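These notes concern the structure reproduced below.
All figures in this text were calculated on a predicted structure; none of them were measured in a lab. Sequence lines set the chain letters: A, B, ... in the order given, protein chains first and strands last, and positions in each chain run from 1.
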Number of protein chains: 2
Amino acid sequence: MITIEDVANFAGVSQSTVSRVLNKKEYVKEATREKVLKAVEELGYKPSRLARGLRINSSQILGLIISDIQNPFFTSLVRAVEDVAYQNNYAIILCNTDEDPEKEELLVELMLSERVAGVIITPTREYECPILKLHEMKVPVVCVDRRVFDCETDTVISDNVESSFKLVKHLIEHGHEKIGALFGSSKITSFRERLEGYRKAFISSGLQVRNDFVKQSTPKEGEGYSLANELLDLPQPPTAIFAGNNLMALGAIHAIKDRGLSIPSDISLVSFDDQEWTQLMTPKITVATQPKYEMGKKAAELLMRRIEDYQCSVKHITLKSKLLFRESVKSIVSENL
Amino acid sequence: MITIEDVANFAGVSQSTVSRVLNKKEYVKEATREKVLKAVEELGYKPSRLARGLRINSSQILGLIISDIQNPFFTSLVRAVEDVAYQNNYAIILCNTDEDPEKEELLVELMLSERVAGVIITPTREYECPILKLHEMKVPVVCVDRRVFDCETDTVISDNVESSFKLVKHLIEHGHEKIGALFGSSKITSFRERLEGYRKAFISSGLQVRNDFVKQSTPKEGEGYSLANELLDLPQPPTAIFAGNNLMALGAIHAIKDRGLSIPSDISLVSFDDQEWTQLMTPKITVATQPKYEMGKKAAELLMRRIEDYQCSVKHITLKSKLLFRESVKSIVSENL
DNA sequence: ATGAAAGCGCTAACAG
DNA sequence: CTGTTAGCGCTTTCAT
């Protein structure tokens, strides 16, 4: 492996000079600059990012800690972060928490161990979050998709309360009053906010929220399936289901199909995120779609900004979701007349 | 940040001793071992992976270079690699080539720069691949999903020729002779092999392969859409389409829908990978599904093995796909009678 | 079984 | 504008 010393010798200059031209921080005479660049080229020199990192106590790596890369919502987000990271000559280390706070903590420690330049994270809970450790070590952090209340952190989320409100309002306007809801834990702010939107929609319509219709668990497909079954097993089952994320929606759909029921004639359904299947299946599913890529991009930009200036003011960005009204909601107003 | 020196001082031993107990390579007296461990615990010491990496000239990081994380096929693969990597205390750096050989080369250089312990890659082409650079530097490499002919490398792929053969044979058995095919470039071995399977199916049935029915381009949805349109525009369009991957299938489906045609009554379709939408849409799509997670897992295991012993024998693993015959193929044999 | 010391490849004062 | 020098935090001989 060829080192900075080799380059220096080859070019007949000192290591510092090589370092200077490569980091283009200080002035170097044009002639020597060219000599060095030629040596670099000739020798095919690639700086050791490890050595550099050790010296400046920070690697050219960003940590990206998400719930699960297999959730297509996060996939887009990851891609966005990667795109801006690579533009800025950062690599990214990707990790999944699987919504497990202990795993999250281990991963944060990994990030510390790797001396990453910054981390983007979807925290598993709003309090007692390991982000504090990052703050202690002055590692730039930005939260994405979810918020955290232990500390002040740059954040990018979508308008959960509002999109959720609109989705449920849409159901209510179509005559639904018994609306089952499937959410992840309320310790995850996105779900707490969606639940809040759900409640607000009821209240604003002068309706009572029935807590037995609100089911919460791990926001995965399997849980969506069993919680939907619990709803369907109720003596007076809901006429519509509001799924708190795309995975739970998938579970709910399978639960509905497995009972031989159909959407929307037997039961209506709304959910989040415009996955391929939501528009390919019959009926097309009504969803609120978050600007996933944009969220990741903004988060990465906020992180780059804070890496440049650790002291800059904290920003909270809320991006708007788009409502896509499709075919999965049946109007049952006539039945009430 | 607390260092190994702090731990040594706290425990009243030397740095070497601390290093020894932490790397558990050499014998240390039980009593001192405990003292050190207690100090580590007390102080909350996290070794700098950067410093360690610099010293041993290799980080505890694996490089994972894929086409595009947004392709669900790769998503599962990535998850598998991550799972075994973390089990072995490695982190992973994730990158997308977008099928661009230049980008691939840059990414390989990044890996070299980061002194990753090994890399798993889906090469963008079979020859002139930057894997050679990795070999030069004796960095362990394993190819996944695709092969490479420039050098001997551990490889994990699926049985592309065979699964492709079966898929096309299935179409032929249902009376289809005009079968359009959508593939990525033949420089990508998986597509070359799938094309080979396609050809073999024709030959084994005593049929002629019509080259104007074989379309190749970037294996993305957009290209799938336009190539499918080219096929549909033919004076004698095919009665079935064989899509070379899930993205191109999606494009083809949209092309078909946009023309007001329907599957399978107007045109049959088969493809790869059991994505959610393939079984949620009507009709359910007949596919060959590759053991994605298993492929990633095997690849990661091969890599761990080669990291342990760089000289071990090269392995080529081919995993079996499963055929899922569903509703997207119409029998047209009767029409021929 | 343990300590002392050197050095991995780089950057950043500090001189000049 | 450029060179000298001193580490960053760790592992690894080499002694003892």
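- Under a cut-off of 6.0 angstrom, the local environment of NZ in A:K35 is crowded, with over 12 non-hydrogen atoms contributed by other residues, nucleotides or ligands.
- Listed by first then second residue, pairs satisfying side-chain hydrogen bond (donor to acceptor under 3.5 Å, both in side chains) with a partner in residues 108-117 of chain A read A:N57-A:R115, A:E109-A:K133, A:E109-B:K46, A:E114-B:R49, not counting sequence neighbours.
- Rounded to a whole Å, the CG atom of B:N9 is 13 Å from the C1' atom of C:dG3.
- The ring pair (Phe, Tyr, Trp, His ring centres under 6.0 Å) pairs that include a residue from residues 14-55 of chain B number zero, where partners must be two or more places apart or lie in different chains.
- At whole-Å resolution of the value, CE in B:M1 and P in D:dC8 are 15 Å apart.
- Per the geometry, CG belonging to B:L22 stands 7 Å off P belonging to D:dT11, to the nearest Å.
- Using a 4.5 Å heavy-atom threshold, the side chains of B:D145 and B:F73 count as touching.
- For NZ of A:K103, the number of neighbouring non-hydrogen atoms (other residues, nucleotides, ligands) closer than 6.0 Å is greater than 12.
- Take A:C312 and apply the side-chain contact (heavy atoms from CB on, under 4.5 Å) test, not counting sequence neighbours, and it matches A:R305, A:R306, A:D309.
- For B:S14, whose side chain is taken as the heavy atoms from C-beta onward, the closest listed nucleotide among C:dG9, D:dG3, C:dT2 is C:dT2.
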Below 3.5 Å between N/O atoms, which protein atoms pair up with nucleotides 12-16 of chain D? Just atom names and distances, please.
none

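- Between the OH atom of A:Y27 and the C1' atom of D:dC1 there is a distance of 12 Å, given to the nearest Å.
- Whole-Å rounding puts the B:I4 CD1 to C:dA6 P distance at 18 Å.
- With the nearest nucleotide of DNA chain C identified for both A:R52 and B:G12, B:G12 has the one nearer the 5' end.
- Within residues 28-47 of chain B, the residues approaching DNA chain C are B:V28, B:K29, B:T32, by heavy-atom distance under 4.0 Å.
- Salt bridge annotation for B:R33-B:E30: present, with a cationic side-chain nitrogen under 4.0 angstrom from a carboxylate oxygen.
- A:L54 places its CG atom 12 Å from the P atom of D:dT11, with the value rounded to the nearest Å.
- When the P atom of C:dG3 is taken as reference, atom CD of B:E5 falls 14 Å away, rounded to whole Å.
- In the helix from C:dA1-D:dT16 to C:dG16-D:dC1, the end axes, each obtained as the rotation axis mapping the C1' atoms of four pairs onto the next four within a five-pair block, lie 40° apart to the nearest 10 degrees.
- When B:R147, B:R192, B:K187, B:R146 are each tested for a salt bridge (charged side-chain N to carboxylate O under 4.0 Å, His left out) with B:E126, only one passes: B:R192.
- With respect to B:E34 and B:K38, no salt bridge is recorded, no charged nitrogen being found less than 4.0 Å from a carboxylate O.
- Atom pair B:I2:CD1 and D:dC8:P shows a separation of 14 Å (rounding to whole Å applied).
- Heavy-atom neighbours of B:K292 NZ from other residues, nucleotides or ligands within 6.0 Å: above the threshold of 12.
- Other residues, nucleotides and ligands place no more than 12 heavy atoms under 6.0 Å from the CD atom of A:E102.
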